[in-house]
Number of protein chains: 2
Amino acid sequence: MTYSIGEVAKKFNLSVPTLRYYDREGLMPFVERTTNGTRVFQESDIELLKIIQCLKSSGMAIKDIKIFIEWCSDGDSTLQQRFDLFMKQKAVVEKQMEELNKTLQLIEHKCHYYQVALEAGTEDIHKNKKK
Amino acid sequence: MTYSIGEVAKKFNLSVPTLRYYDREGLMPFVERTTNGTRVFQESDIELLKIIQCLKSSGMAIKDIKIFIEWCSDGDSTLQQRFDLFMKQKAVVEKQMEELNKTLQLIEHKCHYYQVALEAGTEDIHKNKKK
DNA sequence: TTACCCGATAAAGCTAACTTTAGGGCAAGC
DNA sequence: GCTTGCCCTAAAGTTAGCTTTATCGGGTAA
């Protein structure tokens, strides 16, 4: 099973120019071409794209993902680097979740704050409470 | 207790130009000035900055935070809008946490994948397993 | 055979969120 | 009175991550 760039775009909910941009940036060096230059995506390219998407949503920059892709091309000699990268990225995401939790708590507090203010018809209800 | 822009910058781990940029963008219309134009931050400005930081880390754009700040200036007539905004943002952050969880799971899977590959000395261990 | 998709490239354009640069003011300490 | 360190503004520059535009080629259906 192979896919055209348009099919891949739909699958990943990305635009076709975005995929070509990723290719240009070196994120997809494995994608084959037909004789007239049309990209042909294999199942394995789809799998790699999933990982690229994953690293992207963990906040990794494209130029850093590119380095990982290069490590993939380099074979077993880079296993340690790739392991380290994912361990580092695991810590990064865990940190992000902590931060997001704090953010959520403040937002929930504000929801409650405005709920009470709405019921009272005025924000002053909070000022009075504090004093 | 009041603070200079430099003190606020340290407190929030932001640069001074960034704070001035926020001010220019309309995020800090309440901050007072001395006669010669120097900004003087009150405790209440610090509190508002915390909320701005919170909205920022939930992914809200500066121009949208500005709208919220304007609502704050408009008083009780905008209580409903502000409540709605935080409820919406709560949903946004919950969605982000879901996504981040999926990302974390894939990363953890990859950690394990490379752990096994490292122990075997080659990534081929996974290719063999699949077949 | 002409119209219409789909594919391709190169290059320019865009937006957000800052940062940097260039210029200047005021107050304290040596 | 001069240096140092903080403050100020306006305007230009930067970076990432795309998107848009212009121009082209190939395959198929009416």
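Lettering follows sequence order; numbering is per chain, from 1.
Around the CG atom of A/Asn36, the shell of radius 6.0 Å holds more than 12 heavy atoms that belong to other residues, nucleotides or ligands. The local environment of CE in B/Met97 is crowded, with over 12 non-hydrogen atoms from other residues, nucleotides or ligands closer than 6.0 Å.
Below 30°, between 30° and 60°, or above 60°: for B/Phe86 and A/Tyr114 the angle between ring planes is below 30°, a parallel geometry.
Looking at B/Arg33 and B/Asp23, a side-chain N of the basic residue comes within less than 4.0 Å of a carboxylate O on the acidic one, giving a salt bridge. Ion pairing of B/Glu94 with B/Lys90 is present here, as a side-chain N (NZ or NE/NH1/NH2) and a carboxylate O approach within less than 4.0 Å. A salt bridge is defined here as a Lys NZ or Arg NE, NH1 or NH2 lying under 4.0 Å from an Asp or Glu carboxylate O, and A/Glu25 with A/Arg20 fails to meet this definition. Residues A/Lys102 and A/Glu99 are paired through a salt bridge, judged by an N-O separation under 4.0 Å between the basic side chain and the carboxylate.
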Between protein and nucleotides 4-18 of chain C, map the contacts as a letter string: B base, S sugar-phosphate only, - none, heavy atoms under 4.0 Å, written 5' to 3'.
---SBB------SBB

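Reading DNA chain D from its 5' end, the first and the last nucleotide to sit under 4.0 Å from a heavy atom of chain A are D/dA16 to D/dT20.
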